Amino acid sequence: MARSVWKGPYVHPSVLKKAAKANETNDRKPIRTWSRNSTVVPPMVGLTFEVHNGHKFIPVLVVEDMIGHKLGEFSPTRTFKGHAANKKAAAKGGKK
């Protein structure tokens with residue numbers, strides 16, 4: 001369920017503070033965050049965030065199209081390694 005419109009987007013206060021400081025000092029170092037549920041807002045555009053996925057930090061460069069989405073959407077938590085394959089069929093050149 002979506003957040004109420006009258007409440008506005010949720011952004012963790014420390015993320016917003018770090019983004020404002022980076023914008024005023026024109027600092028382009030990545031901002032590390034564990035706050036995957038923070039919404040991307042216009043002051044964040046052009047900044048790089050390192051979003052934690054539970055294992056490591058994934059660098060995310062924020063562009064205009066990301067406004068309104070959550071930071072966690074751009075840092076996948078699972079690695080898809082493919083479906084289990086039938087090794088005999090793969091050796092013969094395909095399934096028949």
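Predicted, not measured: the structure shown is a model, and the values here were computed from it. Heads up: numbering here begins at 1 and tracks the sequence.
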Q: Could you pull out all donor-acceptor pairs under 3.5 Å where a side-chain atom in residues 6-18 meets a protein atom, sequence neighbours excluded?
A:
from: H12; atom 1: ND1; to: S14; atom 2: N; distance (Å): 3.3
from: H12; atom 1: ND1; to: S14; atom 2: OG; distance (Å): 2.9

Q: Are any side-chain N or O atoms of N53 and backbone N or O atoms of P76, one a donor and one an acceptor, separated by less than 3.5 Å?
A: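 At least one qualifying donor-acceptor pair exists.
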
Q: Would you list the atom pairs, donor with acceptor, under 3.5 Å between side chains in residues 54-70 and any protein atom, with sequence neighbours excluded?
A:
from: H69; atom 1: ND1; to: E73; atom 2: OE1; distance (Å): 3.0
from: K70; atom 1: NZ; to: N37; atom 2: O; distance (Å): 3.3
from: K70; atom 1: NZ; to: T39; atom 2: OG1; distance (Å): 3.1

Q: Using only atom types and a distance under 3.5 Å, with no angle test, would you say the side chain of R36 pairs donor to acceptor with the backbone of H52?
A: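 Answer holds: yes.
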
Q: If hydrophobic clusters are built from ILVMFWY residues whose side chains come within less than 4.5 Å, do L71 and W34 share one?
A: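 Looking at the clustering, W34 is in a separate group from L71.
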
Q: Please find the pair of heavy atoms, one from L47 and one from A22, that lie closest to each other, and give the distance.
A: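 Nearest pair, atom of L47 first, then A22: CD2-CB, 4.0 Å.
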
Q: Check the surroundings of atom CZ in R3: do more than 12 heavy atoms from other residues, nucleotides or ligands lie under 6.0 Å from it?
A: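 For R3, atom CZ is crowded (more than 12 foreign heavy atoms under 6.0 Å).
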
Q: Side-chain contact test, heavy atoms from C-beta onward, threshold under 4.5 Å: evaluate it for S38 versus T33 and give yes or no.
A: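 No. Closest side-chain heavy atoms not under 4.5 Å.
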
Q: Could you grab the distance from atom CG of N23 to atom NZ of K21, nearest 0.5 Å is fine?
A: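 Interatomic distance, N23 CG to K21 NZ, rounded to 0.5 Å: 12.5 Å.
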
Q: State which residues pass side chain to side chain donor-acceptor pair (under 3.5 Å) with R28; sequence neighbours excluded, sorted by chain then number.
A: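 N26.
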
